[in-house]
Amino acid sequence: MDTLRLEKPREWKRLDVAEPEPQPGDAVVRVLKVGVCGTDVGGYLGKFPFFKYPRIPGHELAVEVLSLPEGVEHIEVGDLCAVEPYINCQTCQSCRQGTPNCCENHKTLGVMCDGGLTEQIAVPARRLHRANGLEPEQAALVETLAVGCHAVDRGMVAAGESALILGAGPIGLAAYEFVKLAGATPIVADISGERLEFVREKLGVERTILITGGDEDVTAINNASTDDRPQVVIDATGHAGSMVRAMEFVAFGGRVVYVGITHGELRFPHPDYFHRREITLLASRNALSRDFTRIIRLIAAGELSTDPWITHRLTFDDIETRFDETFSGGGGLIKAIVSVP
């Protein structure tokens, strides 16, 4: 079985490994498509927290079910499934209180444990979501969309509000889709004019702001808002400076959601940025099972289009030779999908 593994940052190793040995409750699945996201790129560069080597990456997965444990009724052998890659313990306080996405013993496929950049894997059957009405490439995008969906839910985005999204990468654009579905007005901001031009032309984003780092950013954001200031700001950059400025951009009494992850500490003026505005600060981690179910239904119904998202397609063999070139920035990259094997 052909597998690609990161031995250390920037070093791929091709392996011929045995077929997976399922644990109790596991299904064995054939991997069809793998989406590549910032987590994978960060792991490749040695910049993502929680990532250890050697590691088989890959958590945005479309799979075909090959075998199932006894008693599984929600899926069948042969089904196309999207994988919910968050393996939770089911016993800790977080799991018991209905927030398994932040399980105290959490492992994400391809990050804390080996993932799907291989021909077959074993995965808990409870983490498979039937997606027979979708194309495999669409099923591989469900996890990315789910992260944006959960961030919008965390921000309690409501109809009639303005929501500023910082970062026009895949997670920010996933949040954009669910801000629209909530009936709110999305504003997308980024430091890249090229990226903003792309999302205007390909995704139909109407309100965009080029962030320059000065006071003019605040003026531009306020002018784009349906009120004096956006009531919600979702930071999808993972950049410490941007995460702090999110508090500068949000309305008094508003909500700030951090869905991006930074290595650094966050420091901000407490009286002006936080206390005086009575800001609600929220973290958003991963997604919930209901998000996967909702997104599959929306895509199947034609209410959520994935067509503009996939800008690059790679084969399994391309990873070793084209990874640096594809993910070095520029080139209109939004989402790359890998065909396996």
Side-chain angles (χ1 to χ4, degrees), residues 38 144-260 262 268 273-274 277-284 298 303-305 308-309 332-335:
T144 296
L145 289 162
V147 173
C149 176
H150 184 61
V152 172
D153 285 349
R154 289 285 288 158
M156 298 169 285
V157 177
E161 293 186 322
S162 292
L164 171 66
I165 300 155
L166 298 174
I171 300 302
L173 295 175
Y176 162 80
E177 296 289 349
F178 289 94
V179 167
K180 286 196 303 179
L181 287 169
T185 298
I187 306 163
V188 177
D190 202 284
I191 60 173
S192 169
E194 179 186 11
R195 174 63 64 90
L196 292 176
E197 181 180 0
F198 180 88
V199 300
R200 283 194 298 267
E201 292 181 359
K202 301 298 184 181
L203 296 178
V205 179
E206 295 180 0
R207 303 185 186 213
T208 61
I209 304 294
L210 180 65
I211 297 295
T212 61
D215 292 339
E216 63 274 12
D217 296 336
V218 177
T219 302
I221 289 166
N222 293 348
N223 288 341
S225 175
T226 56
D227 207 330
D228 292 340
R229 297 172 183 264
Q231 291 93 340
V232 183
V233 177
I234 299 171
D235 187 281
T237 68
H239 184 276
S242 175
M243 294 166 81
V244 170
R245 286 204 82 192
M247 297 186 186
E248 180 184 356
F249 299 146
V250 74
F252 284 55
R255 290 96 68 197
V256 172
V257 182
Y258 288 159
V259 62
T262 180
F268 53 86
Y273 272 33
F274 196 69
R277 300 179 185 227
E278 199 179 52
I279 289 171
T280 299
L281 179 60
L282 299 148
S284 180
L298 288 169
E303 297 178 42
L304 186 58
S305 174
W309 281 69
L333 176 68
I334 297 292
K335 176 61 66 175

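Hydrogens, waters and symmetry mates play no part in the numbers below; they use all other heavy atoms, side chains included.
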Do H150 and V259 have side chains that approach each other closer than 4.5 Å (heavy atoms only, starting at C-beta)? no

Is L282 close to Y258 at the side-chain level, that is, under 4.5 Å between some pair of heavy atoms? no

Backbone of M156 reached by a side-chain donor or acceptor of R255 within 3.5 Å: yes

Tell me, do R200 and L196 make a side-chain contact under 4.5 Å, heavy atoms counted? yes

Any non-hydrogen side-chain atom of V205 less than 4.5 Å from a side-chain atom of P186? no

With a 6.0 Å cut-off (strictly less than), is the heavy-atom count around NZ of K202, excluding the residue itself, greater than 12? no

Between G238 and T262, the two heavy atoms sitting closest are O-CB, 3.4 Å

Under a 4.5 Å cut-off applied to non-hydrogen side-chain atoms, are D217 and R245 in contact? yes

Nearest 0.5 angstrom please: L145 CG to L298 CG, how far? 9.5 Å

Scanning both residues in full, the closest heavy-atom pair of I165 with G172 reads CG2-O, 3.4 Å

Taking side chain as C-beta onward, heavy atoms only, is I171 less than 4.5 Å from T144? yes

Heavy atoms of other groups near L203 CG, more than 12 under 6.0 Å: yes

N/O donor-acceptor pair under 3.5 Å between R195 side chain and A168 backbone: yes

Side-chain contact test, heavy atoms from C-beta onward, threshold under 4.5 Å: evaluate it for L166 versus F249 and give yes or no. yes

Which atom names give the shortest non-hydrogen contact between A174 and G148, and what distance separates them? CB-CA, 3.9 Å

Is it the case that the side chain of R277 and the backbone of V250 share a donor-acceptor pair, with hydrogens and angles ignored and the cut-off at 3.5 Å? yes

Stepwise, does the side chain to side chain contact (heavy atoms under 4.5 Å, CB included) test hold for L173 with W309? CA-CA 9 Å; L173 295 175; W309 281 69; 3.8 Å; yes

One should read off an interatomic distance between I221 CD1 and D228 CG, to the nearest 0.5 angstrom, of 14.0 Å

If we ignore angles and hydrogens, is there a donor and acceptor under 3.5 Å between the side chains of S225 and D227? no

Grab the two heavy atoms, one from L181 and one from E303, that are nearest each other, plus how far apart they are. CD2-O, 4.5 Å

Among I234, V152, D153, which one satisfies side chain to side chain contact (heavy atoms under 4.5 Å, CB included) with F178? V152

Would you say the side chain of Q231 lies within less than 4.5 Å of the side chain of S162, judging by non-hydrogen atoms? yes

Testing the basics here: between T226 and G160, what is the closest heavy-atom pair and its distance to 0.1 Å? OG1-O, 3.7 Å

Are the side chain of N222 and the backbone N or O of R229 linked by a donor-acceptor pair below 3.5 Å? no

Is it the case that over 12 heavy atoms from other parts of the model lie below 6.0 angstrom from the CD atom of E216? yes

Measuring from atom CZ of F198 to atom CG of L333, what distance do you get when rounded to the nearest 0.5 angstrom? 8.5 Å

Heavy-atom pair with the smallest gap, counting every atom of F268 and V244: CB-CG1, 3.9 Å

For D215, is the CG atom crowded, meaning more than 12 foreign heavy atoms sit under 6.0 Å from it? no

Here the gap from T212 atom OG1 to L210 atom CG, rounded to the nearest 0.5 Å, amounts to 6.5 Å

